[in-house]
Structures are given as C-alpha cells and as structure tokens.
Amino acid sequence: MSHAYELPAALGAFAALLLATAAVALRPALLTRVGWVLAAAAWWVLNAALEGPVLLTVTPDNGLTVADLLPGVCLVAVALVRRRAARPR
C-alpha cells in the first residue's frame with residue numbers, strides 16, 4: 001500500500017544522507033558522524049518509494065535492493081575524500 005508521504009519522505013531522507021555525507025567528508029567530528037548514522041537509518045526506513053530492483057532475496061517479502069546500497073556508496077565517497085585530504089602535498 002502506497003501512502004502520499006512516502007515519496008517526499010524518501011527524497012528528504014535521501015537529501016539528508018547526502019548532506020550528512022558531505023559534512024562527514026569535510027569535517028569528520030563526532031557530531032557529523034552521529035548525524036550521518038541518523039541520516040542513514042532514516043534512509044533505510046524511508047526509502048521504500050525509491051527502492052529499485054531486488055538484488056538479493058532474503059525472504060519472500062524482504063530483500064536487498066539497489067537503494068539499500070546508498071549508505072555504503074556514501075561511506076566509500078567519504079573514505080576517498082578523507083584519503084585525498086590526508087595525502088601530503
């Protein structure tokens with residue numbers, strides 16, 4: 001069952017995760033890391049409207065979707081930015 005709030009909520013969670021990722025990449029303090037974890041949790045809860053195809057079926061009703069991989073992609077992006085910033089010039 002689809003609800004009218006699902007797409008705006010998913011887009012809000014998506015935006016929050018991207019902003020939190022940028023914040024952690026630029027300034028990896030405790031507060032930004034906690035914000036990132038909260039944004040990632042919100043994304044996993046609210047991403048139903050943007051899930052995409054199932055990559056791995058866990059049960060007949062649940063599985064790993066393309067959208068579930070977004071926090072992992074964000075972590076890789078943070079790692080690349082932080083690695084580049086730590087490189088001596």
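Residue pairs meeting the side-chain hydrogen bond (donor to acceptor under 3.5 Å, both in side chains) criterion with at least one member in residues 79-88: none, sequence neighbours excluded. Within the structure, every pair that satisfies the side-chain hydrogen bond (donor to acceptor under 3.5 Å, both in side chains) test and touches residues 64-74, not counting sequence neighbours, is listed here: N47-D68, T65-D68.
Under the ring-ring contact (aromatic ring centres under 6.0 Å, His included) criterion, W36 pairs with no residue at all, not counting sequence neighbours.
Cluster annotation: L38 is connected to L30 through the hydrophobic network of ILVMFWY side chains, with a link wherever side-chain heavy atoms come within less than 4.5 Å. At a threshold of 4.5 Å between side-chain heavy atoms, the hydrophobic network of Ile, Leu, Val, Met, Phe, Trp and Tyr places W44 and L75 in one connected group. Both L11 and W43 sit in one connected hydrophobic cluster of ILVMFWY residues. Membership requires side-chain heavy atoms under 4.5 Å apart, directly or through other members. Side-chain heavy atoms closer than 4.5 Å link hydrophobic residues (I, L, V, M, F, W, Y) into clusters, and following such links, possibly through other members, connects V24 to V37.
R33 places a side-chain N or O within 3.5 Å of a backbone atom of P28 that can act as its donor or acceptor partner.
To the nearest 0.5 Å, the span separating CZ on F14 from CG on L7 amounts to 12.0 Å. Expressed to the nearest 0.5 Å, how far CD of E6 lies from CG of L50 amounts to 10.0 Å. In this structure, L69 CG and L64 CG are separated by 5.0 Å, a value rounded to the nearest 0.5 Å.
Nearest heavy atoms, L46 versus A9: CD1-O, 4.0 Å.
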Legend entry - Trace of the side-chain contact (heavy atoms from CB on, under 4.5 Å) decision for V78 with T21: CA-CA 7 Å; V78 167; T21 299; 3.6 Å; yes
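Atom CG of L56 is surrounded by more than 12 heavy atoms from other residues, nucleotides or ligands within 6.0 Å.
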